[in-house]
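What follows is a single structure, written as structure tokens, with notes after it.
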Amino acid sequence: TVFNSLNHDMTLTEFKFIWYMEYSHRMWGRVVGLAYILPAAYFWQKGWLSRPMKGCVLALCGLVCFQGLLGWYMVKSGLEEKPDSYDIPRVSQYRLAAHLGSALVLYSASLWTGLSLLLPRHKLPETHQLLRLRQYAHGTTALIFLTALSGAFVAGLDAGLVYNSFPKMGDRWIPDDLLAFSPMLRNIFENPTTVQFDHRILGIASVTAVTALYLFSRKIPLPRRTRMAVTSLLAVACMQ
């Protein structure tokens, strides 16, 4: 289907490039799964895992398997015949966002678990400012996660090709076809213009939130490790 409607002039060499990209991604995913499951089984059998850590390891290994299942489910949506559709074949943007979101959760949970084991927890006085900083950091994390998910919708709909000017979209700040779909809620997930517009707004909001988090953290006495983390977050946000 993809070949007939989109890539009918593709050469064998070009096809092999795409095929090996997909094959390498699948093989790498399986290597990652083994890197989780085999050491976990070994440490479990040796009795090196505490009861809480056993639950954490089971959750991480389960999430690895779920991530692979989501990947298969996503790819499957791009191979389904759609005789009543004139659009080019592509995977479902909903499944793509789910696959990316699951990967981000898996990565974050793995990093959090690893750092919790490697680095001792700082015992800081629970001041009002510190509680506010922690709440703000959690809110910023949620905003960044939402921004990344919106990026998956941009990729799934090729929404990045609609407007290639910034900060305006074409000649307008708010494009005419922002709410072209009906019902209105469909625009958020299926209208390429709205999806790109939302991703821009969320991206700007994320950088603003990270900058505000950094400036607020400068007013609080924090350990060197925490200060380095906040500074690194700001640097990565600006680079992104």
Side-chain angles (χ1 to χ4, degrees), residues 32 35-36 39-40 43 48-64 66-67 96-155 160 166-169 173-174 188 194-240:
V32 170
Y36 271 83
F43 296 152
W48 294 347
L49 301 177
S50 63
R51 187 179 180 86
M53 188 51 60
K54 284 181 179 179
C56 189
V57 164
L58 282 176
L60 288 173
C61 289
L63 196 52
V64 168
F66 179 68
Q67 172 69 6
L96 178 60
H99 189 50
L100 175 65
S102 174
L104 290 173
V105 170
L106 173 62
Y107 179 78
S108 301
S110 302
L111 186 63
W112 183 276
T113 303
L115 291 178
S116 298
L117 292 170
L118 291 171
L119 302 175
R121 185 182 180 93
H122 284 302
K123 297 189 181 301
L124 302 175
E126 294 290 329
T127 63
H128 178 66
Q129 280 188 316
L130 188 63
L131 289 173
R132 280 186 60 198
L133 179 68
R134 186 178 293 128
Q135 291 170 352
Y136 195 79
H138 290 162
T140 304
T141 301
L143 181 59
I144 293 171
F145 182 74
L146 185 62
T147 304
L149 288 189
S150 75
F153 281 90
V154 172
F166 185 87
K168 289 185 177 181
M169 298 178 74
W173 289 102
I174 300 177
I188 299 174
T194 312
V195 165
Q196 192 194 118
F197 180 82
D198 291 344
H199 186 59
R200 290 176 179 222
I201 298 300
L202 286 168
I204 294 168
S206 291
V207 174
T208 304
V210 170
T211 304
L213 178 69
Y214 171 79
L215 294 175
F216 182 57
S217 71
R218 302 294 294 179
K219 301 177 180 178
I220 307 173
L222 294 172
R224 181 173 177 270
R225 193 172 77 204
T226 308
R227 198 168 295 285
M228 282 180 59
V230 178
T231 305
S232 300
L233 178 63
L234 177 63
V236 172
C238 292
M239 183 172 66
Q240 174 71 4

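Keep in mind it's a predicted model, so treat the numbers as computed, not measured.
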Inset, instruction - Enter the distance from Leu118:CG to Leu111:CG here, rounded to the nearest 0.5 Å. - result: 10.0 Å
Legend entry - Interatomic distance, Leu213 atom CG to Leu234 atom CG [nearest 0.5 angstrom]: 9.0 Å
Legend entry - Contact summary for Ile204 and Thr208, nearest pair of heavy atoms: O-OG1, 2.8 Å
Inset, instruction - Return the set of residues passing side chain to side chain contact (heavy atoms under 4.5 Å, CB included) with Gln240 (not counting sequence neighbours), or none when no residue passes. - result: none
Inset, instruction - Sequence neighbours left out, what passes side chain to side chain contact (heavy atoms under 4.5 Å, CB included) with Ala103? Give chain and number order. - result: Gln67
Inset, instruction - Inspect the surroundings of CG in Leu117 and state if more than 12 heavy atoms from other residues, nucleotides or ligands are less than 6.0 Å away. - result: yes
Legend entry - Summary of side chain to side chain donor-acceptor pair (under 3.5 Å) pairs that have at least one residue in residues 104-114, sequence neighbours excluded: Tyr36-Ser110
Inset, instruction - Provide the closest heavy-atom pair for Val154 versus Gly160 in the form atom of the first, atom of the second, distance. - result: CG1-N, 3.6 Å
Legend entry - Separation between CZ of Phe153 and CD of Gln196, rounded to the nearest 0.5 Å: 15.5 Å
Inset, instruction - Working to the nearest 0.5 Å, report the span between CG of Leu104 and NE2 of His99. - result: 10.5 Å
Legend entry - Where at least one partner belongs to residues 220-231, residue pairs that pass salt bridge (Lys or Arg N to Asp or Glu O under 4.0 Å), sequence neighbours excluded: none
Inset, instruction - State which residues pass side chain to side chain contact (heavy atoms under 4.5 Å, CB included) with Ser232; sequence neighbours excluded, sorted by chain then number. - result: none
Inset, instruction - Kindly indicate, with the supporting measurements, whether the criterion side chain to side chain contact (heavy atoms under 4.5 Å, CB included) is fulfilled by Val236 and Val210. - result: CA-CA 10 Å; Val236 172; Val210 170; over 6 Å; no
Inset, instruction - Give, for atom CG of Leu143 and atom CG of Leu202, the distance between the pair rounded to the nearest 0.5 Å. - result: 6.5 Å
Inset, instruction - For Leu133 and Val230, run side chain to side chain contact (heavy atoms under 4.5 Å, CB included): C-alpha distance rounded to whole Å, both residues' side-chain angles, the deciding distance at 0.1 Å, then the answer. - result: CA-CA 11 Å; Leu133 179 68; Val230 178; 5.8 Å; no
Legend entry - Counterpart residues, side chain to side chain contact (heavy atoms under 4.5 Å, CB included), relative to Lys54 (two or more places apart): Trp44, Leu49
Legend entry - ring pair (Phe, Tyr, Trp, His ring centres under 6.0 Å) partners for Phe43, two or more places apart: Trp48
Inset, instruction - Determine the minimum heavy-atom distance between Leu96 and Ala155, stating which atoms define it. - result: CD2-CB, 4.0 Å
Inset, instruction - Answer whether the closest heavy-atom distance between the side chains of Pro125 and Leu130 falls below 4.5 Å. - result: no
Inset, instruction - Return the minimal non-hydrogen interatomic distance between Ala40 and Cys61, and the atom names on each side. - result: CB-SG, 4.0 Å
Legend entry - Thr226 side, atom OG1; Ile220 side, atom CD1 - distance, nearest 0.5 Å: 10.5 Å
Inset, instruction - Provide the full list of side chain to side chain donor-acceptor pair (under 3.5 Å) pairs with a residue in residues 211-222, sequence neighbours left out, each pair given once. - result: none
Legend entry - Contacts of Phe197 that satisfy ring pair (Phe, Tyr, Trp, His ring centres under 6.0 Å) - sequence neighbours left out: none
Inset, instruction - Report the residues that fulfil salt bridge (Lys or Arg N to Asp or Glu O under 4.0 Å) with Arg134, sequence neighbours left out, ordered by chain and then residue number. - result: Glu126
Legend entry - Closest approach of Trp173 to Lys168 (non-hydrogen atoms, all atoms of both residues): NE1-CE, 3.3 Å
Inset, instruction - Determine which pairs satisfy side chain to side chain donor-acceptor pair (under 3.5 Å) with at least one residue from residues 135-152, sequence neighbours left out, and list them in order. - result: Thr147-Ser206, Ser150-His199
